[in-house]
Amino acid sequence: MNQAGSVALIAALAFAIYGVIAGVVGGKLRSVRVVRSAERATLAFFVMIAVAVTALEVLILTDNFHNAYVAAHSNKDLAMYYKVAALWAGQEGSLLFWTFLLSIYSGLAVLLNHRKNRQLMPYVVAITMATGTFFTSLVFFVANPFMELTLVTAGGVQAFTPPDGNGMTPSLQYHSMVIHPPMLYLGYVGFVVPFAFAMAALITRQLGDNWIRVTRRWTMVPWMLLGAGILLGAHWAYSVLGWGGYWGWDPVENASLLPWLAGTAFLHSVMIQEKRGMLKVWNIVLIIVTFFLCIFGTFLTRSGIVSSVHAFAQSNIGPFFAVFLAIIAIFSLTLLFLRLDYLKSENKLDSVVSRESGFLFNNWILLAAVFAVLWGTIFPIISKAVQNTVVSVGPPFFNKTTIPIGLLLLFLTGVGPVLAWRKTSFLSLRKNFTVPLALSLVAGVILFVMGVHDLYAWMALFLCAFVTVCILQEFYKGARTRQQVYTENFFTAIYNLTMRNTRRYGGYIIHLGIVLLFVGWSGLAFKSEAKGLMSEGDLLRVNDYLLRCQTLSQGDTPNYIYQRAVLTVTKNGRALGTLDPERRLYKASQEPISHVAIRSSISEDLYAVVGGAEPDSGKAIVEVFVNPLVAWVWIGGVVMFLGTLLALVPSRVEREMAEIKRQREEAVEEDHVR
């Protein structure tokens with residue numbers, strides 16, 4: 001299997017290189033035959049990478065510890081679903097998996113555009129296969145997962161197979177880690193397709209709205225999956241790392257957030273180009289920045305230049321990524337500069353109070369967030385290079401800079417979509433915002449009376465109320481209009497209204513999800529905690545909760561040994577059940593980790609963790625957190641995911657226009673036959 005995997009990688013690299021050459025040559029010569037061969041090479045690239053992935057999975061599932069990767073990241077007693085996930089648990093396997101997902105996206109781009117966008121496709125293939133060439137080369141020559149273990153003896157080099165492997169890193173042995181990395185990689189990798197179409201449009205000088213319309217769904221899918229991956233990672237950090245939080249502004253967390261923010265700006269900005277023919281240069285820049293940040297995030301995670309619980313170990317692949325990033329920047333920006341004359345705006349901004357302005361302000365603020373997060377993330381690297389001293393930037397810096405930015409974005413989430421194109425009159429402003437402003441003011445007063453005195457938390461919840469009313473008002477007004485015109489009942493009108501324009505109303509649902517995220521984040525202002533040493537019968541109080549240590553026990557499983565505390569929980573004298581946090585020591589790796597116990601509700605989470613045993617007394621070190629409103633973070637993520645799925649569904653208007661186009665094409669063909 002090691003040989004089969006290596007041969008498949010060599011074949012994949014050959015197909016990728018051929019795809020680049022044939023794509024460029026076929027595009028220049030306008031040769032259908034050569035272009036088709038480039039597309040077939042793309043599909044062959046997918047097949048070969050799939051063979052390599054299958055070979056590595058077979059090695060993992062059959063416990064073939066002669067393979068160095070399997071020996072490093074799996075062991076006999078590892079659960080089957082974790083063995084499947086071991087494919088992306090280490091540097092070499094995850095890079096192969098990255099390449100596999102790239103091959104899927106590239107193959108789908110070819111298949112779904114078999115009869116469309118024929119002038120763009122040669123260069124789309126060339127760009128995606130150039131990316132495939134880089135990653136396949138990296139996997140085969142630098143981080144090969146098919147290396148075999150050997151032992152140097154007096155008789156020479158001999159094959160070596162250890163009796164068992166080192167096992168998966170304990171922190172990765174959590175159910176969401178089976179799907180978190182694939183989601184994240186699907187987001188990272190997916191942006192290669194809109195980037196490729198943008199570069200193809202620049203090369204062919206086809207810089208109208210077509211490439212924007214073609215890539216809208218190609219952008220929304222990775223944006224949705226990257227967002228889901230980020231939240232799954234936050235849930236993993238919350239449930240596994242045992243520090244009581246879900247976002248610590250870790251460099252690798254930030255690396256995933258950066259392309260998501262840039263992609264969000266791009267998705268909003270393209271609407272202005274579609275509607276008004278403006279911001280053409282800006283949109284190209286945004287997709288370049290988004291793809292660049294995807295590769296940059298992969299570089300940060302894998303180079304070892306930043307310290308993170310999420311990052312892979314120090315490795316030698318950093319310089320290769322640095323060169324690839326330089327190539328992306330030089331190639332794309334040079335091409336953009338050469339095509340500036342073809343990217344002139346068709347209209348100008350008519351008014352500051354308009355939907356165009358709202359989206360433009362949204363873009364500026366999102367890019368301000370990108371800059372703030374990027375600066376804080378790379379500052380330790382810069383300080384190390386300049387002063388040979390690592391100066392870390394912690395959560396206080398990120399909170400100080402991003403909270404005001406986030407509040408501005410939340411405000412625009414409600415205001416922007418309600419403004420009219422070109423210019424919004426004062427009468428329209430009063431009509432659209434009187435009710436939301438009045439109700440949010442009432443909500444703000446109620447919040448203050450209830451004890452919400454933290455400024456940022458109060459502002460966040462006030463704006464959440466404002467944005468929610470703005471969005472619900474849009475649904476209500478549209479449904480009432482349909483009721484009057486089509487005599488539908490209210491719920492039927494809501495459904496038909498939404499399906500008539502899924503992109504618009506799916507966007508509104510996404511905005512509601514963002515509101516729920518901010519509700520959850522505002523709970524951080526009211527977090528409380530307590531820590532103590534506990535043995536059987538000891539008590540620990542935090543807020544209204546009283547925890548009593550019922551038992552302390554130890555146990556053994558094939559994969560780990562554990563120390564468990566069973567804590568009975570009461571709140572204001574009312575029994576709520578038990579929590580059973582554990583401290584585990586994994587046998588294969590000899591690494592300890594906490595297994596957190598969480599009691600979740602809509603209003604707050606009670607979060608308990610055992611940090612080990614106090615050496616002198618033998619008592620368990622127990623830390624308990626009360627985290628208000630955390631559940632709304634996860635609910636908000638689900639709502640955003642569902643809203644994006646709705647926005648991806650073709651609206652009735654789109655289907656009607658497609659049917660009209662099809663009928664016209666059939667009529668033209670009939671006339672041609674006659």
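Just the heavy atoms: all of them, side chains too, but no hydrogens, waters or symmetry mates, feed the values below.
The side-chain heavy atoms of Met534 and Leu567, taken from C-beta on, include a pair separated by under 4.5 Å. Under the 4.5 Å side-chain criterion, counting only non-hydrogen atoms from C-beta, Tyr545 is not in contact with Val624. Side chains of Leu606 and Ile598 form no contact here, defined as non-hydrogen atoms less than 4.5 Å apart. Considering only heavy atoms from C-beta on, Gln554 stays 4.5 Å or farther from Ile561 through its side chain. The shortest side-chain heavy-atom distance between Thr99 and Leu138 does not fall under the 4.5 Å cut-off. A heavy-atom distance below 4.5 Å is not found between the side chains of Glu582 and Val610. Looking only at side-chain heavy atoms (C-beta outward), Phe625 and Trp243 stay at 4.5 Å or farther from each other. For the pair Trp223 and Phe191, the minimum side-chain heavy-atom distance is below 4.5 Å.
For the residue pair Phe65 and Ala71, the shortest heavy atom distance occurs at O-CB, 3.6 Å. In terms of heavy-atom proximity, Leu231 sits nearest to Gly637 at CD1-CA, 3.2 Å. A pairwise comparison of heavy atoms in Ala143 and Leu95 identifies CB-CD1, 3.9 Å as the closest pair. Residue Gly444 comes nearest to Phe462 through the heavy atom pair CA-CD1, 4.3 Å, listed as atom of the first residue, atom of the second, then distance. Looking at every heavy atom in both residues, Gln550 comes nearest to Glu536 through O-CG, 3.8 Å. Minimum interatomic distance between Pro145 and Val139 (heavy atoms only, all atoms of both residues): CD-CG1, 3.7 Å.
Residue Leu366 is tested with Thr264, Ile405, Leu408, Leu412 for a side chain to side chain contact (heavy atoms under 4.5 Å, CB included); the sole match is Thr264.
Separation of atoms OH (Tyr560) and CD (Gln173) is listed at 9.0 Å; rounding is to 0.5 Å. The CD1 atom of Ile378 sits 9.5 Å away from atom CG of Leu258, with the distance rounded to the nearest 0.5 Å. Interatomic distance, His180 NE2 to Ile230 CD1, rounded to the nearest 0.5 Å: 9.0 Å. Separating the CH2 atom in Trp98 from the OH atom in Tyr185 is a distance of 10.5 Å, to the nearest 0.5 Å. Thr161 contributes atom OG1, which lies 6.5 Å from atom CG of Asn64 (distance to the nearest 0.5 angstrom). Here the OH-OH distance, from Tyr174 to Tyr82, works out to 8.5 Å after rounding to the nearest 0.5 Å.
Under a 3.5 Å cut-off, the side chain of Tyr69 and the backbone N or O of Ala86 do form a donor-acceptor pair. For Thr401 (side chain) and Phe397 (main-chain N/O), a donor-acceptor pair under 3.5 Å exists by modelled atom type. Put simply, the side chain of Lys527 gets close to the backbone of Gly244: a donor and an acceptor are under 3.5 Å apart. Panel note: side chain His73, backbone Gly167; no donor-acceptor pair is recorded below 3.5 Å. The backbone N or O of Trp249 sits less than 3.5 Å from a side-chain atom of Glu253, completing a donor-acceptor pair. Side chain of Asn2 to backbone of Asn67: no donor-acceptor contact under 3.5 angstrom is found. Side-chain atoms of His511 come within 3.5 Å of backbone atoms of Thr413 as a donor-acceptor pair (strictly under, hydrogens ignored). Ser94 places a side-chain N or O within 3.5 Å of a backbone atom of Gln91 that can act as its donor or acceptor partner.
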Show the numbers, then the answer: is there a side chain to side chain contact (heavy atoms under 4.5 Å, CB included) between Val252 and Leu300?
-> CA-CA 7 Å; Val252 174; Leu300 274 187; 5.6 Å; no
Worked check of side chain to side chain contact (heavy atoms under 4.5 Å, CB included) between Ile295 and Phe299 | CA-CA 6 Å; Ile295 303 300; Phe299 161 69; 5.5 Å; no
Stepwise side chain to side chain contact (heavy atoms under 4.5 Å, CB included) check, Met640 with Leu517 | CA-CA 9 Å; Met640 286 184 66; Leu517 286 176; 3.4 Å; yes
List the steps and the verdict of side chain to side chain contact (heavy atoms under 4.5 Å, CB included) for Val596 and Ser239.
-> CA-CA 6 Å; Val596 176; Ser239 302; 5.6 Å; no
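Taking the six-membered ring for Trp and the full ring otherwise, Trp634 and Tyr246 have centroids separated by under 6.0 Å. The ring of Tyr607 has its center closer than 6.0 angstrom to the ring center of Tyr238. You'll find the ring centres of His66 and Phe160 outside the 6.0 Å limit.
Side chains of Asn543 and Glu604: a donor-acceptor N/O pair is absent below 3.5 angstrom, by distance only. For the residue pair Ser601/Ser603, the side-chain donor-acceptor check at 3.5 Å is satisfied.
Under the 4.0 Å criterion applied to side-chain N and carboxylate O atoms, Lys587 and Asp556 are assigned as salt-bridge partners.
Between Phe296 and Phe292, the ring planes lie parallel to each other; the angle is under 30°, not in the 30° to 60° tilted range.
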